[in-house]
Amino acid sequence: MKPVPLALGELPPFRVPLPFYLTAPWFGMLAGLSWIRDGELAFASRWLPGTLATTHLLTLGVMAMVMVGSLFQVLPVLGGTGVPRARTVGPLVFAALSAGALLLALGLDRSSPALMTAAVVLLAVAFGVFGILAAVSVLRRGRGAPALFTIRLALIALAATVGLGLWMGAGIASPDLGIAYRLSTDAHARLGLGGFALLLVMGVGYQVVPMFQVAPPFDARLVRVTGPVVLLGLALLAVTRSDAVAIPAASGIAASGIAYAIAGWRVMQRRRRRRPEPMVRAWQLAWVCLALALAGGWQWFVWPDLRLAGLPPHRLQMLYATLFVLGFALTVILGMLTKIVPFLSFTHLQRQCLRVRASPASLPTMEQIVSERAAWVQLAVHALALTTAISAVVWPGLGRSAGALLAVDFGVCARNVTVAALRHRRAARRILLAAASAR
Amino acid sequence: MSADRIVDVSDLPPPEPMRVALAALAELRPGERLILRHRREPFPLYPMLAELGFSHRTRPGAVTSYEIVIWRATEPPPEELR
């Protein structure tokens, strides 16, 4: 697959995605504090109020926050057409998503119908507005970059996840409605993680791994096949419980995801720059975790009663979910934030240079925005937090340590992104001064 | 015949090729042209070149996938490109 050139001229201003990036790590820190509070119960069952709250702090507050913020930048770049009215809609989506995610976590934690009602309304606004405009953006352009195909599928999965989530949220907020929301939780979680998160990271990876790591492109057939197989499998799992359908569907999803992980590893091994880089190691860690999580998910469909290493089935589910969320999705997100924030900062500063006719010599390097050392520290702390969280599924006594390390992990991320934003502002001011003094 | 300054950015991740190319252009002497060796076509560079007063022509490269020949717009294009 030949990556399509990025249409950087279509980028919305840096201030559109930046609030999403600056806020997401704070949700991660809250999730860490929640694990510290819950201690041994942090990984005991997915149904505990505290666990439901923490899960949504991580999936909505961190993952969806960064992904939606990034889509404001990615869609125009890959598709050639931006999200309409990004400058005005961006702040609205950001405010509704951050307030909605916080209220949902609080509502789930305290089992409060009032908080849940407010959260459902805010999240409906956030995803409704963003979803409609993102759909307009991807439909307006014909084919776009090949990676855009997988991202379109991710947006379909997002719509289904949000639809089910709002339905369930309404059921919890208004018990009188009699919505049997527990029946939809598996489909909601699978579409959110296996659909939106996996397909989006896949689609973005197909484009950015060859680009940032100076590696050969992914195989075009893999790009065409993996996304549809995953989405079809998830759709089948959402509508049937029959083993005759569920096992082949789960096998297709696991095979596609593992094939993507292996292909990614191979592409990375053939990169032209052989020096070790934090983002290379982050992708590799993420792919290993993805393969393990999907193999585990497949095992759960084929042998649902299996006990492994003394762990009962519900603990194994927690293990696979931890591998997916913390090991795969958040490893990529935390790694990409150390790469994409300085890249976007540089790109916007470069356009500013052009606009005000300043010398390009006044541009900072990416290293001056977020240093490679800072990216290594981020990866090391994240690997430690991940290892401790996985250990806490087996030994619940480690729950508080996992929470403390998760809080530090996202604290490092918050520091990196905040410092990058301040350095960007200073560099933008320097460029304006340089342009003024040159006149 | 114009002198060539050859810069190979094919092993650099973005946005380094752009930064290196702009730094090389700042040092380009009158009559000199820059040959940028690249693994992909640098679309974001083209509007910057025009804005900075340079002309360019992209051709398949012998060493890398693309070669972008860049010269001052006030000077005549290189002979082999006329």
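None of the values given here were measured: they were computed from a predicted structure. First the proteins, then the strands, lettered A, B, ... as listed; each starts at 1.
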Original post:
Distance-only, no hydrogens or angles: does the B:R72 side chain make a donor-acceptor pair with backbone N or O of B:L28 under 3.5 Å?
Top reply: yes
**OP:** Identify which part of A:F346 has an atom lying under 4.5 Å from any heavy atom of chain B, answering side chain, backbone, both or neither.
**Re:** side chain
Original post:
When only heavy atoms count and the cut-off is under 4.5 Å, which of residues 368-383 of chain A reach chain B?
Top reply: none
Original post:
Under the criterion ring pair (Phe, Tyr, Trp, His ring centres under 6.0 Å), which of A:Y206, A:W283, A:W265 is the partner of A:Y260?
Top reply: A:Y206
Subject >> Residues A:S345 and A:R423: side-chain donor-acceptor under 3.5 angstrom >> reply: no
**OP:** Go through the atoms of B:L25 and report whether side chain, backbone, both or neither lie under 4.5 Å from a heavy atom of chain A.
**Re:** neither
**OP:** Kindly indicate whether the side chain of B:V9, heavy atoms from C-beta on, has any atom under 4.5 Å from the side chain of B:L36.
**Re:** yes
Original post:
So among B:Y46, B:F43, B:Y66, which one has a ring pair (Phe, Tyr, Trp, His ring centres under 6.0 Å) with B:H56?
Top reply: B:Y46
Subject >> Heavy-atom proximity to chain B below 4.5 Å, by part of A:Q350 >> reply: both
Original post:
Do A:P12 and A:V83 touch side chain to side chain, with heavy atoms closer than 4.5 Å?
Top reply: no
Original post:
Below 4.5 Å, heavy atoms only, C-beta onward: do A:L71 and A:L200 meet side chain to side chain?
Top reply: yes
**OP:** Could you check A:Q284 against A:R281 for side-chain hydrogen bond (donor to acceptor under 3.5 Å, both in side chains), going step by step and ending with a plain yes or no?
**Re:** CA-CA 5 Å; A:Q284 288 173 328; A:R281 296 289 177 254; 2.9 Å; yes
Subject >> Contact class of A:R271 relative to chain B, heavy atoms under 4.5 angstrom >> reply: neither
